[in-house]
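Have a look at the structure below, then the notes.
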Amino acid sequence: MLTIAVSKGRIYDDALPLLAEAGIVPIDDPKTSRKLILRTTKDDVQLVIIRATDVPTFVEYGAADMGIAGKDVLLEHGAESLYEPLDLGIAKCRLMTATPVNAPEITGRIRVATKYVKTAQRYFADIGVQAEIIKLYGAMELAPLVGLADCIVDVVDTGNTLKANGLEPKELIAHISSRLVVNKASMKMKHQIIQALLDNFEKTLTTREKEV
Ligand code: PRT
Ligand code: MG
């Protein structure tokens with residue numbers, strides 16, 4: 001049995017067509033079913049439906065052989081323990097800093113609210129800015145509005161969420177897309193089925209590239 005870890009949100013929506021091209025179609029719909037393990041039309045492949053940030057953990061420990069995770073999540077988790085063989089080019093966005101519109105330049109130590117604590121620490125250290133990082137689990141956009149932080153680090157797609165909260169994107173930290181990750185032991189033990197899937201995904205991605 002091959003287990004693939006996927007999160008329920010936007011990654012799932014984008015991953016479904018890719019999986020389908022490889023003959024993997026879940027038998028239950030996670031949007032209506034409460035099942036966390038989904039059998040698929042491929043008898044030897046199952047999906048586990050978990051939180052986006054938990055995908056690298058499941059794959060690292062071998063609880064899932066493969067997973068699909070945003071590069072933002074992988075940067076934060078630290079991906080040395082995983083293979084990352086394929087950029088799936090789905091769920092694209094940008095990891096950015098953002099501040100209130102027309103905010104004055106901050107000199108000295110800044111306060112940064114984010115759920116990407118390690119990534120933000122690394123980024124501000126790299127550019128030589130002293131930053132105090134405040135960990136939040138959501139609604140980062142609120143932090144500058146209530147005086148909790150000067151700046152946030154979050155992923156941005158259309159920019160509408162920032163705009164609606166009087167913020168503007170500033171520095172680009174990284175371009176983000178979802179990656180296929182593979183457990184290192186599984187890569188050896190289940191090489192045949194995993195390699196076949198990788199080839200299949202790659203073929204679909206190449207075809208897509210040619211179409212645009
Ligand atoms: O929701 P949950 O707490 O379970 O986890 P999650 O928020 O990590 O999951 P999900 O499904 O929301 O995101 C999964 C992955 O999708 C992320 O790890 C990113 O790699 C990718 N992705 C792509 C995004 C976005 N685009 C995105 N726009 N993840 C989040 N957003 C959020 C962003 O945080 C902000 O609140 O959407 C808002 C900004 O969108 P715009 O269009 O207004 O700029
Ligand atoms: Mg979310």
Side-chain angles (χ1 to χ4, degrees), residues 4-19 26 29-38 47-60 63-64 66-79 81-82 84-101 112-123 133-146 148-149 151-182 201 205 208:
I4 306 177
V6 196
S7 57
K8 217 184 204 176
R10 59 193 98 217
I11 290 181
Y12 185 84
D13 295 335
D14 284 1
L16 219 50
L18 265 179
L19 291 167
D29 177 359
K31 296 212 168 96
T32 51
S33 159
R34 285 169 185 271
K35 284 184 188 165
L36 300 175
I37 300 181
L38 304 183
L47 305 184
V48 290
I49 307 299
I50 57 182
R51 291 292 289 267
T53 42
D54 289 334
V55 169
T57 308
F58 272 65
V59 176
E60 181 179 347
M66 299 172 106
I68 299 176
K71 186 67 183 175
D72 51 329
V73 167
L74 294 171
L75 285 171
E76 185 65 16
H77 180 86
S81 51
L82 308 169
E84 194 187 305
L86 213 53
D87 183 347
L88 299 174
I90 58 174
K92 284 186 178 172
C93 54
R94 288 152 293 145
L95 186 65
M96 302 200 67
T97 65
T99 59
V101 175
V112 181
T114 187
K115 65 174 176 182
Y116 303 100
V117 172
K118 289 187 203 155
T119 311
Q121 250 151 9
R122 224 178 298 137
Y123 171 73
I133 313 291
I134 300 168
K135 164 96 190 187
L136 291 181
Y137 291 87
M140 263 75 78
E141 301 84 9
L142 184 61
L145 308 182
V146 295
L148 180 60
C151 156
I152 67 168
V153 167
D154 195 10
V155 294
V156 181
D157 179 15
T158 61
N160 289 341
T161 307
L162 293 178
K163 205 170 175 187
N165 291 291
L167 305 178
E168 60 186 1
K170 281 284 170 67
E171 306 297 328
L172 175 71
I173 300 176
H175 286 284
I176 303 297
S177 55
S178 291
R179 312 299 165 99
L180 197 71
V181 287
V182 181
F201 288 144
L205 294 173
R208 279 188 188 179

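Note that the numbering runs from 1 along the sequence shown for the chain. Computed over heavy atoms, backbone and side chain alike; hydrogens, waters and symmetry mates excluded. From a predicted model like this one, the values you see are computed outputs, not experimental measurements. Order of appearance sets the numbers: ligands from 1, and atoms from 1 within every ligand.
- Every atom of ligand 1 with a heavy atom of Val73 under 4.0 Å away is listed here by number and element: 18 (O).
- With a 4.0 Å cut-off on non-hydrogen atoms, Met96 does not touch ligand 1 at all.
- Counting heavy atoms from C-beta on, the side chains of Leu82 and Pro56 come closer than 4.5 Å.
- Proximity of a side-chain donor or acceptor of Arg94 to a complementary backbone N or O of Ala174 within less than 3.5 Å is not detected.
- Between Lys71 and Glu84, at least one side-chain N (NZ, or NE/NH1/NH2) sits under 4.0 Å from a carboxylate O, which counts as a salt bridge.
- At a heavy-atom cutoff of 4.0 Å, ligand 1 is contacted by no atom of Met140, backbone or side chain.
- Considering backbone and side-chain N/O of Lys71, none are found under 3.5 Å from N/O of ligand 1.
- Salt bridge status for Lys92 with Asp14: absent, with no side-chain N to carboxylate O gap under 4.0 Å.
- Residue Glu141 approaches ligand 1 through these ligand atoms, each under 4.0 Å from one of its heavy atoms: 35 (C), 36 (O).
- For ligand 1, the atoms lying closer than 4.0 Å to a non-hydrogen atom of Ala91 are 21 (C), 22 (N), 23 (C).
- The closest side-chain heavy-atom distance from Arg208 to Pro17 is below 4.5 Å.
- For the residue pair Glu171/Thr97, the side-chain donor-acceptor check at 3.5 Å is not satisfied.
- Remark: among candidates Asp72, Val156, Ile90, the nearest residue to atom 17 (C) of ligand 1 is Asp72, based on non-hydrogen atoms.
- In terms of polar-atom proximity, defined here as any N/O pair under 3.5 Å, Ile176 makes no such contact with ligand 1.
- When non-hydrogen atoms are compared, ligand 1 lies under 4.0 Å from neither the backbone nor the side chain of Thr53.
- Checked by atom type and distance alone, the side chain of Thr114 pairs as donor or acceptor with a backbone atom of Tyr116 at under 3.5 Å.
- Proximity of Thr158 to ligand 1, defined as any heavy-atom pair under 4.0 Å, is shared by backbone and side chain alike.
- Within the structure, the closest approach of Glu76 to ligand 1 does not fall below 4.0 Å when heavy atoms are considered.
- Between Ile49 atom CD1 and Ile4 atom CD1 the span is 10.0 Å, to the nearest 0.5 Å.
- Close approach to Gly70 involves these atoms of ligand 1, each under 4.0 Å from a residue heavy atom: 20 (O).
- For ligand 1, the atoms closer than 4.0 angstrom to any heavy atom of Asn160 are 43 (O), 44 (O).
- In this structure, Ser7 has no heavy atom closer than 4.0 Å to ligand 1.
- Pro26 is listed as a side-chain neighbour of Leu16, based on a closest heavy-atom distance under 4.5 Å.
- Only the side chain of Ile11 comes within 4.0 Å of ligand 1, counting heavy atoms alone; its backbone N, CA, C and O stay farther away.
- The CZ atom of Arg179 lies 11.0 Å from the CD1 atom of Ile11; values are rounded to the nearest 0.5 Å.
- Against a heavy-atom cut-off of under 4.0 Å, Cys93 is close to the following atoms of ligand 1: 22 (N), 23 (C), 26 (N).
- With a heavy-atom cut-off of 4.0 Å, Thr161 touches ligand 1 through backbone and side chain alike.
- The number of heavy-atom neighbours closer than 6.0 Å to CZ of Arg122, taken from other residues, nucleotides and ligands shown, is above 12.
- Ligand 1 has no atom lying under 4.0 Å from any heavy atom of Lys8.
- Heavy atoms of Arg10 found under 4.0 angstrom from ligand 1 belong to the backbone as well as the side chain.
- A heavy-atom distance below 4.5 Å is found between the side chains of Ile50 and Phe58.
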